[in-house]
Each structure stands twice: as C-alpha cells, then as structure tokens.
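Down below is the structure, laid out as structure tokens.
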Amino acid sequence: KIKNIDLDSIKQSLLEEDYVFRDLKLINGFWYLFYICPNGHRHKTILYDWERGIRCGRCKGAKLVLFADIKRSFTDENYS
C-alpha cells in the first residue's frame with residue numbers, strides 16, 4: 001500500500017519522459033495514474049506499475065480488440 005504519495009515527484013517522473021500528468025485517483029484500493037503519453041495516447045496505469053517502468057500500452061504494441069474482431073474469429077473457427 002502507498003501511505004505517502006509525493007505528487008510532485010510523480011509529476012516530475014512523468015515530465016522526465018515527456019508524459020503529461022492528468023490525474024491520480026484511488027480506485028478500489030489502487031492508486032491510478034492518468035496520463036497522456038508523448039504520442040498523445042490518453043491512458044491510465046496503476047501507480048505501482050508506473051514505478052516498475054510500465055508505460056503506455058498502445059505505444060508498446062498492445063492492440064485494441066473490437067467485439068467485431070472476436071465475433072469474426074469465432075465464426076472463422078466454426079465456434080458457436
């Protein structure tokens with residue numbers, strides 16, 4: 001658990017990597033860091049993950065999967 005959060009150091013950490021700080025919220029017991037990455041993606045991550053070096057999922061190649069893609073995949077494989 002995070003007891004003392006130094007917001008200034010969090011903002012500085014984002015700034016050093018050309019990220020823009022948007023917000024920090026406590027959601028279901030986890031601190032979520034909301035940001036804009038250098039490529040303009042609006043995203044969030046758990047603060048602990050940011051501190052471990054995890055950055056924008058879209059930039060690292062995480063693909064957004066749409067329902068239509070999943071449905072087509074099931075149809076292609078003859079799943080019902």
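Because only heavy atoms are used, hydrogens play no part in the values below, and waters and symmetry mates are left out as well, while side chains stay in.
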Determine whether Cys37 and Arg58 make a side-chain contact, defined as any pair of heavy atoms from C-beta on separated by less than 4.5 Å.
-> no

Taking all non-hydrogen atoms of both residues, which atom of Pro38 and which atom of Glu17 are closest, and how far apart?
-> CG-O, 3.4 Å

Examine distances only and state if a side-chain atom of Ser13 and a backbone atom of Ser9 form a donor-acceptor pair shorter than 3.5 Å.
-> no

Using 4.0 Å as the upper bound for N to carboxylate O, is an ion pair formed by Lys11 and Asp8?
-> no

Flag the pair Tyr19 / Cys56 as yes when at least one side-chain heavy-atom distance between them is below 4.5 Å, and no otherwise.
-> yes

In this structure, are over 12 heavy atoms from other groups packed under 6.0 Å from Phe34 atom CZ?
-> yes

Trace of the ring pair (Phe, Tyr, Trp, His ring centres under 6.0 Å) decision for Trp50 with Tyr32 = CA-CA 9 Å; Trp50 175 267; Tyr32 279 85; over 10 Å; no

Could you state the interatomic distance from CZ (Arg55) to NE2 (His41), rounded to the nearest 0.5 Å?
-> 16.0 Å

Measure centre to centre between the rings of Tyr48 and Trp31, then say whether the value is under 6.0 Å.
-> no

Hey, quick one: are Leu7 and Tyr35 part of the same hydrophobic cluster, counting side-chain heavy atoms closer than 4.5 Å, chains of contacts allowed?
-> yes

CD on Glu51 to OG1 on Thr45, rounded to 0.5 Å = 10.0 Å

Side-chain cluster (under 4.5 Å, hydrophobic types only) that Ile54 belongs to, other residues = none

Following the transitive rule for hydrophobic clusters with a side-chain heavy-atom cut-off under 4.5 Å over Ile, Leu, Val, Met, Phe, Trp and Tyr, establish whether Ile10 and Leu26 coincide in one cluster.
-> yes

Does Leu14 reach the side chain of Leu33, with side-chain heavy atoms less than 4.5 Å apart?
-> yes

